[in-house]
Amino acid sequence: MAEPTPRVAALLLNWRRADLTLRCLHDLLAVRDEPMHVFVLDNGSGADEVARLRAGVDAAAAAGGPHRVELAAWDENRGFTGGMNEGLRRAAALGVPFVLVLNNDLRLPPDFLRPLAQALANDPRLAAVGPTLLRADGMVWAQGGDRRLRPNGLALRGHGRAPAPTTAGPEDVGFLPCACVLFRAESVAAVGGFDDAYFMYWEDVDLCERLRARGGRIVWLPWIRVVHDSGQSAGGNRSPARKFLMACNAVRHLRAHGAPLAWLAWLVCDVVAWPLSLVAGPRGAWAKLCGTLAGLRGHRAGAADVQRWLASR
């Protein structure tokens, strides 16, 4: 009997954390009700990491099952945007209708995927759907997100609170954090994929806004829950690397799309109130200030910024 043709391509990006990537791959392979073509994508992590990933992928292939697993690796760090865009090109070559974008620091229950795929299959107006993202303590990391008048200009819905009942929703949201999102492949292709100029952070906001501008709905599905240990690739949520990249890309987005009110909110929340960030730590505050200034100069974030600010921890 022939194996069913996958309708989902899963993109799992690795950068120097093969342990997390292989753990997430293990969770993906435990999914039995929705065949996938899984692309494990290495973002210039080095020969030792690639060898570990290769061993994991080979073991998955030897074990059999409904999924196809493929490893792709390159020599340089292309960022989240560049790595995922390479995955999108490979998914497009397969002709699958849906593409699952994942962070490698997720824990995924075996029944998480089919409801996401069924939502897209049943409603052609949907461009992207995502689950509730929980922290390890069971509280919400995000139930979708929106642009808001607050520091960084973004708000993760429900952050730090108990999750909404699974009977709530679904709800249209401004954006879905790309820790775990199932996209309609043709919709993403129509807007050109992720904008490489963001490298890492704010790329999900930008992509979802372009999808909505084209008429696609961005929807959070509360009856699906996954666990997300966020910020590992940049050293954690309060790391200088994350602070620099978030600040730099917030200004990039404002320069491209900011209305006067958004600029005013940024001036108040991120410039005038910057001294308050010193309370959380001077290194993070300094990185945020440097990121803000870099964004105002039109700096395009890249691998060198990640290396510099990770070294400053």
Side-chain angles (χ1 to χ4, degrees), residues 10-13 15 41 43 78-88 91 98-106 116 120 126-134 140-148 150-159 171-185 187-214 216-221 224 226 228-234 237 241-254 256-258 262 291 295 300-301 306:
L11 309 183
L12 181 56
L13 187 64
W15 187 64
L41 310 166
N43 225 356
R78 301 179 183 179
F80 185 87
T81 57
M84 284 299 178
N85 280 337
E86 177 61 29
L88 289 171
F98 310 135
V99 179
L100 178 66
V101 171
L102 295 165
N103 278 11
N104 63 349
D105 51 12
L106 293 169
L116 294 171
L120 289 183
L126 303 184
V129 291
T132 292
L133 298 169
L134 297 177
V140 171
W141 187 76
Q143 297 176 154
D146 296 297
R147 297 284 309 282
R148 296 275 179 85
R150 55 176 298 168
N152 292 321
L154 301 177
L156 299 177
R157 290 189 177 195
H159 184 73
E171 290 186 20
D172 287 80
V173 294
F175 71 95
L176 290 165
C178 275
C180 182
V181 182
L182 188 66
F183 289 99
R184 189 178 303 280
S187 298
V188 174
V191 299
F194 291 101
D195 184 345
D196 273 330
Y198 286 94
F199 192 76
M200 182 177 177
Y201 297 120
W202 275 84
E203 76 291 326
D204 42 13
V205 179
D206 172 76
L207 176 58
C208 288
E209 288 185 349
R210 286 185 283 126
L211 290 170
R212 287 195 295 112
R214 188 174 175 269
R217 293 176 60 197
I218 311 299
V219 174
W220 158 62
L221 304 181
I224 311 164
V226 305
H228 177 40
D229 186 12
S230 67
Q232 296 305 304
S233 293
N237 283 335
R242 182 180 184 278
K243 293 292 186 182
F244 177 90
L245 291 165
M246 282 289 292
C248 181
N249 285 338
V251 179
R252 171 172 291 279
H253 193 272
L254 277 171
H257 308 291
R300 177 170 172 156
V306 176

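Numbers here simply count residues along the sequence, with the first being 1.
The heavy-atom pair separating Gly79 from Leu13 by the smallest distance is O-CD2, 4.0 Å. Annotation for Asp146 and Gly174: closest pair OD1-N, 2.9 Å, computed over non-hydrogen atoms. A pairwise comparison of heavy atoms in Tyr201 and Asn249 identifies O-ND2, 2.9 Å as the closest pair. Contact record, Gly193 with Arg210: O-NH2, 2.7 Å, taken as the closest heavy-atom pair. Nearest approach of Leu211 to Val191, heavy atoms of both residues: CD2-CG2, 3.9 Å. The two residues Ala127 and Gly216 have their closest heavy-atom pair at CB-CA, 3.9 Å.
For the pair Asp105 and His228, the minimum side-chain heavy-atom distance is below 4.5 Å. Between Phe199 and Cys248, every side-chain heavy-atom pair lies at or beyond the 4.5 Å cut-off. Within the 4.5 Å cutoff, the side chain of Ile224 has heavy atoms near those of the Leu116 side chain. Using a 4.5 Å heavy-atom threshold, the side chains of Asp206 and His257 count as touching. In this structure the side chain of Phe80 reaches within 4.5 angstrom of the side chain of Val101, judged on heavy atoms. Leu156 is listed as a side-chain neighbour of Phe175, based on a closest heavy-atom distance under 4.5 Å. Contact check for Val181 versus Asp204: no side-chain heavy atoms found under the 4.5 Å cut-off. The shortest side-chain heavy-atom distance between Thr81 and Met200 does not fall under the 4.5 Å cut-off.
Rounding to the nearest 0.5 Å gives a distance of 16.0 Å between CG of Leu41 and CH2 of Trp15. Distance check: Phe194 CZ to Glu86 CD gives 13.5 Å after rounding to the nearest 0.5 Å. Within the model, atoms CZ of Arg148 and CG of Leu154 stand 10.0 Å from one another, a figure rounded to the nearest 0.5 Å. Separating the CZ atom in Arg78 from the CG atom in Asn43 is a distance of 7.5 Å, to the nearest 0.5 Å. Considering CZ of Arg184 and CG of Leu126, their distance stands at 6.5 Å, rounded to 0.5 Å. Rounding to the nearest 0.5 angstrom, the gap separating the CG atom in Leu100 from the CZ atom in Phe183 is 9.5 Å.
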### Query
What's the verdict on side chain to side chain contact (heavy atoms under 4.5 Å, CB included) for Met84 and Glu203, showing C-alpha distance, side-chain angles and the deciding distance?
CA-CA 11 Å; Met84 284 299 178; Glu203 76 291 326; over 6 Å; no
#### Entry: Chi angles and distances behind the side chain to side chain contact (heavy atoms under 4.5 Å, CB included) call for Leu133, Val140
CA-CA 6 Å; Leu133 298 169; Val140 171; over 6 Å; no
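Classified by interplanar angle (parallel below 30°, tilted 30° to 60°, perpendicular above 60°), the ring pair His253/Trp202 is tilted.
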